Structures are given as structure tokens and as C-alpha cells.
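Just so we're clear, the structure is a prediction, and the values are computed from it rather than from any experiment. Every chain is numbered from 1 and lettered A, B, ... according to where its sequence line falls, protein lines coming before strand lines. The figures here come from the full heavy-atom set of this structure, side chains too, leaving out hydrogens, waters and symmetry mates.
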2 protein chains.
Amino acid sequence: MAATETLTAERILEATEEVLRRYGPAKATVVDVARVLGVSHGSVYRHFRTKAALREAVTERWLERTIVALRPHVEAGEPADERLTGWLTALFTLKRRKAGGDPELMATFQVLIGENSAVVDRHEEHLVEQIARILEDGHGEGLFAAPERDFGTTARAVFDATDRFHNPAHAADWSAPDVEDAFTAIVSLVQRALRA
Amino acid sequence: MAATETLTAERILEATEEVLRRYGPAKATVVDVARVLGVSHGSVYRHFRTKAALREAVTERWLERTIVALRPHVEAGEPADERLTGWLTALFTLKRRKAGGDPELMATFQVLIGENSAVVDRHEEHLVEQIARILEDGHGEGLFAAPERDFGTTARAVFDATDRFHNPAHAADWSAPDVEDAFTAIVSLVQRALRA
DNA sequence: TGAATGACAGATATTGAAATCTGTCATCGG
DNA sequence: CCGATGACAGATTTCAATATCTGTCATTCA
């Protein structure tokens, strides 16, 4: 219908998200995306070389949003230990709200994540960099001890230690009655380990 | 063929493991199990109420083996901090060897694990109890600080923090070149957190 | 001229009929 | 008498024919 607007990668990505949301990852087709946009599917291939590339771009966009949402917690003016707890809590809360609020959409993105491990690896690196920034600040503030090896390695350890509370593979556990306690326990453990 | 021996639950479980190993979780049938044992499938139902119950029992047996293999690391005469590192390393090594050595069998058991979360929960509780025992000993030896809440909660936090290195859901990551470092980093983190 | 189209070949997914499996139970045989 | 059997109904899976989709490209149209 709306050939009124020019066809951009951005518009295609929006349409793709809509189609994924509506039909799920198994049934979403490039033809569906083209239909939503009112163009032929050949036009979509002018902007994305393959269906896989299209899905990858959607995945990247989705993950990027998490990075942006967490940025304030890296930069806030509080002491680093509080910022770390804030960052970890924000990440957990974010993921959990998404998982709880729309389980089907979450399942859809889990499939996409499984298809695009390279994108996910890059995303994880970004998150680990955010943690590393907080750790460096914390060391500067005299709150955190010097890292055993380097900030990156310790940041990765913090990220891995909390995996159970941000990795969508564990989303099913996040509605258990005692997750909050388990999460708090891990955060305490991490804080103890880092303390100067 | 061998109706020479009496049909026991134990023999059925062995046959079921063999069938699962050979055909995988999707194609393994009760009829297959009965054929291996040389009996009619009706006889299998005398010992296990349903196919699901049979699979659950196989899962339980498999998990039990891990508990047994780790027991020595709980009881060894070394200092508790070394026992903890030994226990965590043993668990990781055990899982990783299984995953690397026979990926198909691992995939099979991942399916079974997914089907039997109640059994897995009980199994995890056992493992957490083993950790808690080491933590209590370590506190007695003056190596570990008093737990923030109780030994069980801290033990669970230690278990969760190392999830990435024993949960089969992450098996795909265990062949990465830097897993060893990541594992060592987590263990250091945990040890720092516990130290008196 | 350059974006958009749609027909096309090969790959993938859907569908419904046929085959197999699960779980029950009346019957058999040691 | 008691464990084992195999025929059976309903549920699930398989398989092959059919339909749809992916990715390309010569052609159209603005």
C-alpha cells in the first residue's frame, strides 16, 4: 500500500520485527515482510542480501536497545559499587520484564539469538566493557581492589557469574519464588569478591 | 532373547539407556526397549507406569552418577578452599569431557533434562548441599568468613555463579579457546568472596 | 538511470493418509 | 497364582505429494 514513503533498511527492519512478532520465527517469511510494506519481496533483497542477514540485523537492533538502556547506569554519579549493583539489577529487571511480559516474543528472540551467535558475542563484549568501566572507576575510587589479572577478565567473570540472571536461556527460572534471593546472594558474593 | 534372566527395573533402565544412545531421544520407543530385552512392550509397563516415568528414571540414574563422582572431593582431607576449587573443577571437567567426548549422547541427555525439571531440581539441591558441606568445613577451619545469610544460600550462590561451567545448556561454549581462563577467573572471584 | 517488479529454479515447508507407538487389559502358561 | 503376552483404541509420527518460499535476474517504469 504505502509506496508513498521510500523503502529504507530501517522501514524493512520495523516490518520484519512486526512480522516476527505476529507469526513467530518459524513462520515469518520475506514475502510476509514485503506484503506488510506493500512491495514485492525482490525489493527487500535490494537492502538485505539474504533472509539470514535480515534476521541478523533485527537481532542486532534488539540487543543494541539493551546497551542503550544500561548506559545511564555506567555513567551515573553514584559510587562504583552502587553503580555495579544498579547495573546488574537493571539488566536482570529488563530481561525479566521482557520475558514475563511477552513470553512469545522472548521465545522468538531466543531463536534469533541462537541463529546469530557472532552478533551475541559482540553484544556480550559491549556489556563486559560497561562492567569493566565501572570496575576501573571503582578502583580509582578506592572501593574495589586491583584486579587479579586485568579489568576485562574480572568484568567477564562478573558477567559470567550473573549469567543465570540475564541469559534468556534461563528465562524459565525467573518466575520462581526465590529468584530475588538468589540474585541478591550472587550480587553480594560479587561485591565481596571485588571489595578493596 | 535372554528371558533367562528375570526382568528387573535395573535391566530395563540399562536397555533404555542403550536405546537412547543408539536412536536418540526423539526416536527411542518403548517397543525398542522391549525388543532389546526380548520381551513384549507390555512387560516394560509392569515396571514403569509410563514412557515418561521410564525416561525420568534414566535421567535420575545419570545425574546420580555425577553426585557419586564428586563425593570424594567433598570428603578429601585437604583444606576447604582447595576442596572447593577441586570440586568445581571436577564438575566442570566431568561435564566438559562428557560433552566433548560424545556430543550426541550429551544432546540426548539435555533433552531428558529438559523433560524432567523436577528431577534436575532435586539433583541441584544435592550438589548445593555438597558445596554447603565444604563451606561449613571451611568456616570451621577459619578459611572462609561467616556466610551473609546461611551456608545454603551462599552455596547456592556459588553454584549459580559457576552455572556457565556446569549447565549443559552452555556446553557449546566449552570448546572456546579461553574457557579455561574464564573458569579460573570465576573460581578466583568466588574464592575471594568467601575468604575470611 | 536506477529502483522496483515478477517469473523462475531449486530449496524448504505443509498436509493428510498410512504406519507406528503408547498404554490398557482380557487371556495365557509355568 | 502371578508375571508375561499380544490385540486393541486412540495418539503420535512418518512419508510423499503438493504448495510455498528464497534468492536471482531480465525486464519494466518513472
Are any of the side-chain nitrogens in [X] or [Y] under 4.0 Å away from the carboxylate oxygens of its partner?
| X | Y | answer |
| --- | --- | --- |
| Arg65(B) | Glu17(B) | yes |
| Arg83(B) | Glu141(B) | yes |
| Asp102(B) | Arg21(B) | no |
| Glu115(A) | Lys51(A) | no |
| Glu129(A) | Arg156(A) | no |
| Glu60(B) | Arg55(B) | no |

To the nearest Å, how far apart are [X] [atom1] and [N] [atom2]?
| X | N | atom1 | atom2 | value |
| --- | --- | --- | --- | --- |
| Arg11(B) | dG3(D) | CZ | C1' | 14 Å |
| Leu37(B) | dA4(D) | CG | P | 11 Å |
| Leu54(A) | dC21(D) | CG | P | 15 Å |
| His47(A) | dG2(C) | NE2 | C1' | 12 Å |

In B/S/- notation (B base, S sugar-phosphate only, - none; protein heavy atoms under 4.0 Å), nucleotides 22-30 of chain C written 5' to 3' is BBB------

Select from Lys27(B) and Leu7(B) the residue whose nearest nucleotide in DNA chain D is closer to the 5' end of that strand.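 By nearest-heavy-atom nucleotide position, the 5'-most residue is Leu7(B).
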
Hey, does the side chain of Ser43(A) come within less than 4.0 Å of dT5(C)'s phosphate (OP1/OP2), counting only N and O?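 Checking Ser43(A) against dT5(C): at least one side-chain N or O falls below 4.0 Å of OP1 or OP2.
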
